[in-house]
Amino acid sequence: MSVAFQGSLLDCGDEVAPGSLGSSVRRTELGHGAWIDVRPGWIAGADTLFDRLIDAVPWRAESRRMYDRVVDVPRLLAFYGEGQVLPDPALDEARRALDAHYAEELGEPFRTAGLCLYRDGRDSVAWHGDTTGRGRTEDTMVAIVSIGTPRTLLLRPRGGGPALRHDLGHGDLIVMGGSCQRTWEHAIPKTARVTGPRISIQFRPRGVR
Ligand SMILES: O=C(O)CCC(=O)C(=O)O
């Protein structure tokens, strides 16, 4: 697929590897039992990983029924279920590192990987929580690796209240944890300021969608 991403001048290594977690992860309590962890610049070689994923992932367009119309989902998607081979060994490495860091707190491994390609600022995802599965009733974690053009992730409490803005940069990790999927919602809004592509890689435990 030809999707041009202007890589970072600072990210000149070809080797793709997650960095350390540990004390480099910064936690913010959101309230209502929800929190986010952020680790800026977690993936070294993020330019290379972006190029590899653009080529290796079978990106597909989806459409959804909205009332009486069928509309295109404004991003391309791929999903790797439990036991499926991930499209790049660096994603296995990232998942192993997340498992090691969160094992005790999460009590189970991350099992699935959802990938989204935002082709430019017109692609987006509307306000939602990952509540199709266990996130509706249980505390859980969703770990997101962001590569490519920086985009804004918005978070807002379901009961009402101001939205928090978090800028997701190239190679950054954000983990939404605790009650975040059921007491908060998140979104990637459309923007006229962004013209480049972004890939989001979401690791989730079994039964969380
Ligand atoms: O693009 C992102 O990082 C967020 C993706 C997301 O919220 C989802 O696919 O459920």
Side-chain angles (χ1 to χ4, degrees), residues 3 5 18 28 30 34-43 46 49-50 53-54 57-64 66 71-81 84 86-87 91 94-95 98 110-136 138 140-158 163-191 193-209:
V3 174
F5 167 60
T28 305
L30 300 179
W35 52 261
I36 53 170
D37 275 358
V38 174
R39 167 49 162 106
W42 185 44
I43 303 290
L49 180 59
F50 185 94
L53 291 178
I54 283 291
V57 174
W59 299 106
R60 55 165 213 281
E62 282 189 0
S63 51
R64 291 210 175 126
M66 286 265 289
V71 295
D72 290 339
V73 171
R75 51 186 183 152
L76 302 183
L77 302 161
F79 183 75
Y80 296 83
Q84 270 185 274
L86 295 178
L91 302 194
R95 183 161 63 181
L98 289 166
F110 291 97
R111 304 252 191 199
T112 65
L115 277 79
C116 307
L117 172 60
Y118 299 80
R119 292 156 289 189
D120 58 33
R122 289 168 293 188
D123 279 352
S124 61
V125 66
W127 287 110
H128 71 285
D130 296 2
T131 55
T132 303
R134 287 162 46 208
R136 176 181 290 278
E138 293 173 26
T140 189
M141 289 186 202
V142 177
I144 298 178
V145 178
S146 193
I147 54 174
T149 309
R151 291 289 295 262
T152 299
L153 175 81
L154 296 176
L155 289 144
R156 71 179 182 195
R158 274 186 195 273
L164 305 177
R165 175 198 164 105
H166 185 81
D167 292 321
L168 291 175
H170 188 37
D172 289 359
L173 169 71
I174 184 166
V175 180
M176 294 181 272
S179 67
C180 201
Q181 300 306 328
R182 62 178 193 280
T183 61
W184 286 66
E185 293 180 301
H186 55 278
I188 303 282
K190 293 185 192 303
T191 170
R193 285 184 298 109
V194 168
T195 53
R198 165 182 179 257
I199 294 173
S200 160
I201 304 146
Q202 310 109 39
F203 295 105
R204 297 182 178 87
R206 177 180 290 158
V208 177
R209 280 302 279 276

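Order of listing sets the numbers, starting from 1, for every ligand and every atom in it.
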**Student:** Can Ser146 and Arg151 be counted as having a side-chain donor-acceptor contact under 3.5 angstrom?
**Tutor:** no
**Student:** Checking side-chain polar atoms at under 3.5 Å, does Ser63 have a donor or acceptor matched by the opposite partner on Asp72?
**Tutor:**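 There is no such pair between these side chains.
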**Student:** Kindly tell me which protein residues have any non-hydrogen atom under 4.0 angstrom away from an atom of ligand 1, grouped by chain and ordered by number?
**Tutor:**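 Residues Arg75, Cys116, Tyr118, His128, Asp130, Ile144, His186, Ile188, Arg198, Ser200, Gln202, Arg204 each place a heavy atom under 4.0 Å from ligand 1, listed by chain and number.
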**Student:** By ring pair (Phe, Tyr, Trp, His ring centres under 6.0 Å), which residues pair with His166, not counting sequence neighbours?
**Tutor:**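 Residues passing ring pair (Phe, Tyr, Trp, His ring centres under 6.0 Å) with His166: none at all.
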**Student:** Of all residues at least two apart in sequence or in a different chain, which pass the ring pair (Phe, Tyr, Trp, His ring centres under 6.0 Å) check with Tyr80?
**Tutor:** none
**Student:** Picking from Thr140, Asp130, Thr112, what satisfies side-chain hydrogen bond (donor to acceptor under 3.5 Å, both in side chains) with Arg204?
**Tutor:** Asp130
**Student:** Quick one: side chains of residues 119-126, donor-acceptor pairs under 3.5 Å with protein atoms, not counting sequence neighbours, listed by atom name and distance.
**Tutor:**
from	atom 1	to	atom 2	distance (Å)
Arg119	NE	Asp123	OD2	2.7
Arg119	NH2	Asp123	OD1	3.1
Arg119	NH2	Asp123	OD2	3.3
Asp120	OD1	Arg122	N	2.8
Asp120	OD1	Arg122	NE	3.3
Asp120	OD2	Arg122	NE	3.3
Asp120	OD2	Arg122	NH2	2.5
Asp123	OD2	Arg119	N	2.8
Ser124	OG	Lys190	NZ	2.9

